[in-house]
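Since the model is a prediction, treat every value here as computed from it, not as a measurement. A note on names: the letters A, B, ... follow the listed sequences, proteins ahead of strands, and every chain is numbered from 1.
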Amino acid sequence: MKKRQMAKDRRQIEKRWQDYWDEIKLFEPDLKNPKHKYYCLMMFPYPSAALHIGHMRNYILGDAFARYKITQGFNLLTPMGWDAFGLPAENAAIKNNIHPAESTAENIATMKKQLCQWGVGYAWSKEINSSFPEYYKWTQWLFLQLYKNGLAYRKKAEVNFCPSCQTVLANEQVIEGKCERCGTIIEQKYLKQWFLKITAYAPKLLNDLDLLNRWPERVKTMQRNWIGRSEGDEITFTVNSSNQKPKFVKVFTTRSDTLFGCTYLALSIKHAIITNYKLQITNYKKVEGYIKQVKARNVSKYNNPDKEKTGIEIKGIKAINPVNNEQIPIWITDYVLMEYGTGAIMAVPAHDQRDLEFAQKYNLPIKKVIQPTVNSQQSTVNSLPRTENRQAYEEEGILVNSGEYNGLNSQEAKKKISANLQKKGLAEKKVIYRLRDWLISRQRYWGSPIPIIYCPKCGTLPVSEKDLPVLLPKDTEFKPRGESPLKRNKNFLRIACPKCKGAAEREIDTMDTFIDSSWYYLRYLSPEDKNKAFDSKLANQWLPVDQYIGGVEHAILHLLYSRFITKFLYDLKLVNFQEPFLSLFTQGMVIKDGLKMSKSKGNVIYPDALIEKYGADAVRLYILFIAPPDKDVEWNSKGVEGMWRFLKKVEKITKGERGKGKGEREEKRTEKDLRRKIHQTIKKVNEDMERLHFNTAISSIMELVNQASSYKPQATSLKEKSETCSLQLEACKTILLLLAPFAPHFCEELWQNTLKNKESVFKHSRLKHNPQFIEQEIVLLIVQVNGKLRAKIETERNIEEKKLRKIILNDERLKKWLSKPIKKFISVPNRIVNIVI
RNA sequence: GCCGGGAUGGCGGAAUUGGUAGACGCCUGGGACUUAAAAUCCCAUGUCCUUUAUGGGCGUGUCGGUUCGAGUCCGACUCCCGGCACCA
C-alpha cells in the first residue's frame with residue numbers, strides 16, 4: 001500500500017476511535033465515587049491561535065499519563081478549561097479589531113479541535129471558562145472573602161507600570177525589569193491600587209515547601225528565593241535632636257555582630273526622617289535637591305545597571321550607636337530600598353561590600369570589627385588606606401574592637417548583643433521577607449471587575465454577595481489608556497450606594513487574571529453550581545490534585561498564588577488541605593533555533609503537516625520518545641519517520657505477517673527468552689510510567705518489539721506449536737497494552753479489530769510482571785582482571801564460587817591474563833568477577 | 001555574589017544500590033530485493049593501533065582522591081542553563 005494511502009487510512013481510524021472514546025465516556029469520572037480517585041490536572045491554557053508542536057508536547061504528556069492512570073483502574077478526573085481573561089486575549093483582539101469575547105471563543109474552538117485530533121482526552125463535561133460570568137462571579141466572591149478578612153486592601157504605593165500594556169503589574173510579573181507579557185521596560189508610578197496580603201502567609205508558604213516532596217527542587221528553590229526570608233534584629237538608633245518625635249531611626253540587620261563597625265546610617269530617599277526633622281536639618285535645600293535628582297533619574301528602579309551609589313549627608317542631626325554611644329552621621333542614599341526592612345540600614349563599611357564602596361567614595365571611616373578565624377585565608381580590610389580598592393570581609397569570624405564582646409565568634413556575639421539591646425528596649429528580633437503584597441488591580445478591560453463601590457458619603461463598600469456577579473459590560477471601548485476603559489462606560493460606573501442610596505461609583509479596575517487561575521482546580525468539581533464557588537465536600541474528597549503538570553514559567557506566579565489561596569480557604573475552613581498540588585511535574589519547552597518555540601519569535605512548527613503524513617500516533621510517539629519530558633528539546637522533524645517504521649513493525653507482528661526479507665536474522669531465541677523479555681518490559685514500563693519517563697518506556701517497548709519480531713518458533717509437535725503461537729500472541733498483547741497510552745488510536749484499532757477484543761484497550765487491567773519469569777537459569781558473567789574486561793562467560797545461576805573459580809582458571813581466553821599469582825578474587829553473584837593479580 | 005540544575009558518539013538520548021559505557025531511535029556508509037525508484041530487510045557505525053583474531057590501547061567537561069572496580073561516591077576547578085540580586 002502506498003504510504004500516503006496508509007496515512008489517510010490511519011487518520012480515518014483515528015477519528016473513529018476518538019468518537020468511540022467519547023461514546024464510552026472514557027474520560028468522564030464518577031465524582032460521587034471518590035474511593036479510588038485520581039486527579040490529574042494540566043495547567044489550563046490561555047486560548048491562543050493554532051497550537052504548535054510545543055503546545056502539543058504539553059498536552060500529549062498529560063494525556064499519556066492520564067491514559068496510564070485509566071489502565072490502572074483509577075476513577076480519573078482530568079478536566080480542561082480556559083484561562084480566558086487577560087492581556088494576551090485582549091491584545092490580540094485589539095490587533096485584529098474584534099471583541100476579545102469573540103476571538104477567545106474562536107480560539108477555544110480551534111484548540112479543542114486540535115486537541116481532539118491529537119487524541120487528547122479530557123472530562124469535557126467539567127469544562128470551565130474564566131471569562132464567563134458563571135465563573136467570574138465566584139472569582140469576585142473570592143475577592144470579597146479576602147476583603148472581609150482584611151486580606152484585600154487599597155493603598156497608594158510605588159507600583160510597576162508597563163507603558164506598553166498601559167497597566168500596573170504585580171512584582172511577580174516583572175522579569176528583569178521588563179513586562180512579563182510584552183518585554184517593555186517597567187516604570188515606577190505612585191498610584192492607589194488594590195493589593196492582596198499574601199505576605200501574611202509568607203512563613204507558611206515558605207515552611208510548607210518542605211512538605212512538597214514530590215515537587216521539583218528547582219521550583220521550590222525559586223519560591224524560596226522569591227519569598228526570601230531573613231532573620232535579624234531591628235535596632236534603634238536615637239537621634240540627637242532635642243524635642244523631635246520620633247527620637248530615633250530603626251534599622252534592620254542580620255549582622256548585629258558588626259554593630260561596633262557601624263560608622264554611619266544610610267537611609268532611603270523616601271525615609272520619613274526628611275520630613276520629620278525638616279527644621280533641624282541645616283542643609284535641607286540641598287537634601288531636597290538631591291532627592292529630586294534621584295527620583296528623576298529613577299523612572300525605573302531597574303535601569304541603573306552601573307549601580308554607582310550616591311548620597312548626601314544630612315547635616316544638623318546625628319544618630320547614636322546604641323552599643324557604644326558614638327555619634328555617627330546620617331546619610332540619604334540611593335542604594336537603600338524603602339520597601340525592604342525599615343528603609344534604613346546601619347552601614348558597616350569594613351564588612352559589607354556596598355557600604356565599603358560608598359564609604360570609600362565619600363571618605364567615611366572604615367572600622368574593622370570582625371577578624372577571620374585562624375583557618376580562614378580571606379584577607380581583611382584594614383582601616384587604612386581607604387583609597388585602595390579592597391574587598392569587604394563579609395564572612396563571620398571573631399570580634400575585635402567591640403568592647404566587652406571582643407573574642408566572641410559572630411554567632412555568640414549576635415545573640416549577646418541582641419539580648420543586651422533588647423533589655424534596654426533598643427532592639428527587637430525580627431524575621432523579614434522579601435515577598436511583597438500581590439498587586440491585583442489592572443487598568444484593562446478584559447478581566448473580572450473588582451466588586452467594590454465608592455460612595456462619597458459612606459466610603460469604600462464591598463458589593464453584596466447577592467449582587468454578584470458585577471458584569472463586565474460588553475459594549476465598552478476597550479483600548480488601553482493607562483486608566484481602566486470601564487471609566488468611560490457610565491452605565492457601569494454610576495451606581496446607587498447600597499447603604500445610603502446616593503450617587504456612587506463602581507471600582508473601575510479589573511482583577512489580575514492570576515486570581516482566576518488561583519482557584520480554578522476547585523471549580524472543575526462542580527462547574528455548574530449556581531450557589532457556591534465550589535463544593536467543599538467534593539473538594540475534600542478529590543483534592544489535593546494528585547498530579548499537576550505544567551510549564552516551569554509559572555513556578556513563582558501561578559504556583560505561589562494558588563498555594564496562598566488554598567491556605568486562605570483552609571483558614572476559612574472551606575477546604576481541609578493546605579496545599580493544592582501534591583505532585584508537580586514541570587515539562588520542558590520545545591526549542592527551535594535555540595529559542596523557545598513561539599509565534600512572536602517566528603520559529604513555530606505546526607504538527608498538522610506531520611500528522612497529515614504520519615498520523616497523530618506517530619507524532620505523539622516521537623514527541624514522547626525524543627527526550628525526557630522534563631527537559632527542553634531542540635525540535636527536529638526527521639525522527640518521526642522512525643516512529644512510523646516502528647508502528648508498521650508492530651502492526652506486522654500483530655497481524656502475524658512475517659518479514660519478506662530473505663536474510664532474516666538467525667535467532668536462537670527460546671520461548672523462555674521471549675517470555676522473560678515480556679515480563680522485563682512490563683516491569684520496566686510500569687516503573688517508568690510512574691515517574692513520567694516516557695522516553696525510556698517507549699525504548700524498552702521497542703526492544704520487546706524487536707525481539708518478538710525476530711522470534712522464530714522452533715516447534716516440532718503440534719502441542720508445542722500452539723504453545724509458541726500463544727506466546728507470540730502474548731507478546732503482541734503486551735506490546736499493545738503497554739503502548740496504548742502513547743499511541744492510543746493505533747493500539748485500540750489492533751486490539752479490537754485485529755485481536756478481536758470486545759472491550760477498549762484502556763479497559764484492560766494493567767499488566768503486572770511475574771518475577772518468576774524474569775529470573776534466568778543461565779547468566780552472562782563478566783570476568784575482569786585488574787578491573788579490565790577480559791571475558792564474558794555463561795554460567796548457571798547462583799553458581800558456587802569454587803566451581804566458578806575452576807571454570808575461569810581453565811578458560812583459554814583468560815590464561816594469558818592470569819599468568820601471575822592471584823591476590824584477590826571478588827565475585828558479585830550472577831554479575832561480575834574481578835580477579836586481582 | 002547567593003541558590004538550584006546540568007556537561008556521555010555525527011545527533012536526540014540509555015545505564016537499578018558503584019559492577020559489560022553508548023540501550024533505543026535518528027543520521028551516514030555498504031549490501032540484498034527491484035528494469036528503476038520507493039518501501040522492506042541485512043550488515044557496519046566512539047576513537048586509535050596492528051587489520052591475523054575469539055586482539056589490544058584510550059575514552060562519560062578538567063585535575064586529584066576513595067575502591068578490587070567510578071559516568072555514578074568524595075575534594076578542587078572550568079563551562080553551560082535557570083532563579084534571585086544595592087534585600088542590609
Side-chain angles (χ1 to χ4, degrees), chain A residues 1-3 6 175-176 216-230 232 251-255 258 266 301-302 304 307-309 333-337 339-348 352-355 357-358 394 432-435 552-553 555-556 621-622 625-628 630-636 638-643 645-646 648-649 652 659-666 684 687 693 695-703 705-706 780-792 812-813 816 823-828 831-837:
Chain A
M1 213 188 304
K2 285 279 178 300
K3 190 173 180 177
M6 278 175 77
I175 313 292
E176 289 179 341
E217 208 46 53
R218 187 162 59 134
V219 174
K220 289 196 276 185
T221 306
M222 285 190 213
Q223 292 210 357
R224 281 192 193 106
N225 285 345
W226 189 258
I227 297 167
R229 182 182 191 272
S230 290
V251 303
F252 175 75
T253 181
T254 55
R255 292 296 302 272
T258 64
K301 65 177 168 185
Y302 302 99
N304 187 12
K307 286 174 185 168
E308 169 79 34
K309 298 164 185 53
T333 73
D334 62 354
Y335 79 96
V336 175
L337 306 173
E339 303 85 55
Y340 188 77
T342 60
I345 62 158
M346 57 175 230
V348 185
D352 183 288
Q353 192 59 33
R354 296 155 300 181
D355 297 341
E357 284 165 21
F358 191 82
E394 295 185 328
I432 288 206
Y433 296 91
R434 213 190 64 94
L435 184 69
V552 76
E553 67 272 18
I556 302 174
L621 211 48
Y622 179 60
F625 177 73
I626 189 173
D630 52 341
K631 268 187 74 178
D632 290 352
V633 60
E634 168 79 32
W635 182 258
N636 176 357
K638 260 185 179 168
V640 186
E641 187 81 34
M643 300 302 121
R645 285 201 277 264
F646 166 68
K648 267 204 285 194
K649 213 168 177 180
K652 226 160 81 176
K660 274 181 248 165
K662 275 181 187 166
E664 231 174 82
R665 202 203 304 239
E666 284 290 317
K684 169 88 172 121
E687 284 165 2
H693 286 195
N695 57 327
T696 49
I698 293 168
S699 69
S700 55
I701 298 171
M702 284 172 170
E703 284 182 52
V705 171
N706 289 345
L780 189 69
L781 206 73
I782 304 306
V783 183
Q784 293 181 334
V785 178
N786 284 347
K788 291 206 165 151
L789 174 73
R790 295 304 179 197
K792 301 171 188 178
E812 279 302 316
R813 291 169 299 177
K816 65 171 164 175
K823 275 192 197 158
K824 235 177 183 180
F825 188 92
I826 297 138
S827 170
V828 182
R831 197 164 253 169
I832 202 162
V833 169
N834 193 9
I835 302 162
V836 188
I837 58 167

Tell me what [X] touches on the nucleic acid: a base, only sugar-phosphate, or nothing, going by heavy atoms under 4.0 Å.
| X | value |
| --- | --- |
| A:G642 | sugar-phosphate |
| A:N695 | sugar-phosphate |
| A:M643 | sugar-phosphate |
| A:K792 | base |
| A:V836 | sugar-phosphate |
| A:P216 | nothing |

Do the ring planes of A:F358 and A:Y335 sit parallel (below 30°), tilted (30 to 60°) or perpendicular (above 60°)?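 Answer is tilted, since the angle falls between 30° and 60°.
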Identify the nucleotide, in any strand shown, that forms a Watson-Crick or G-U wobble pair with [N], with both distances under 3.5 Å; if there is none, say none.
| N | value |
| --- | --- |
| B:A37 | none |
| B:G18 | none |
| B:G12 | B:C24 |
| B:A7 | B:U78 |
| B:G69 | none |
| B:G59 | none |
| B:A88 | none |

No-hydrogen, no-angle side-chain donor-acceptor test under 3.5 Å, A:K824 and A:N834: no
Expressed as a whole number of angstroms, how long is the span from [X]:[atom1] to [N]:[atom2]?
| X | N | atom1 | atom2 | answer |
| --- | --- | --- | --- | --- |
| A:I832 | B:A70 | CD1 | P | 11 Å |
| A:Q784 | B:G69 | CD | P | 10 Å |
| A:R831 | B:G19 | CZ | P | 7 Å |
| A:D630 | B:G13 | CG | C1' | 13 Å |
| A:Y622 | B:G12 | OH | P | 11 Å |
| A:R434 | B:C2 | CZ | P | 17 Å |
| A:E641 | B:A38 | CD | P | 12 Å |
| A:D352 | B:C2 | CG | P | 14 Å |

Nucleotide of [options] approaching [X] most closely (side-chain heavy atoms):
| X | options | value |
| --- | --- | --- |
| A:F252 | B:G19, B:A88, B:G82 | B:A88 |
| A:V336 | B:A88, B:G12, B:G57 | B:A88 |
| A:R790 | B:C24, B:G56, B:G13 | B:G56 |
| A:I826 | B:C86, B:C68, B:C24 | B:C68 |
| A:R218 | B:A85, B:G4, B:G25 | B:G4 |
| A:Y340 | B:C3, B:G4, B:A88 | B:A88 |
| A:L780 | B:G13, B:C86, B:U20 | B:U20 |
| A:K652 | B:A88, B:U40, B:G25 | B:U40 |
| A:K631 | B:G13, B:G25, B:A88 | B:G13 |
| A:K649 | B:A14, B:C41, B:G82 | B:C41 |

Heavy-atom nearest nucleotide on RNA chain B for A:R255 versus A:E217: which residue maps closer to 5'? A:E217
With C1' as the reference atom in both, quote the distance from B:G10 to B:U66 in angstrom, rounded to an integer. 36 Å
What distance, rounded to whole Å, do you find between the two P atoms, one in B:G18 and one in B:A23?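 Going atom to atom, P in each nucleotide, I get 24 Å.
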Give a yes/no answer on whether the side chain of [X] brings an N or O atom under 4.0 Å of OP1 or OP2 in [N].
| X | N | value |
| --- | --- | --- |
| A:S230 | B:A88 | yes |
| A:N834 | B:G19 | no |
| A:K638 | B:C27 | no |
| A:R224 | B:C3 | no |
| A:K788 | B:C58 | yes |
| A:R645 | B:C26 | yes |
| A:K648 | B:U40 | yes |
| A:N706 | B:G25 | yes |

Answer yes or no: is there a donor N or O on one side and an acceptor on the other, between the side chain of A:R218 and the main chain of A:A555, under 3.5 Å?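 Absent.
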If the glycosidic angle is within 90 degrees of 0 it's syn, otherwise anti, so just tell me which one B:G9 is.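 What B:G9 shows is a syn base, its glycosidic angle lying within 90° of 0.
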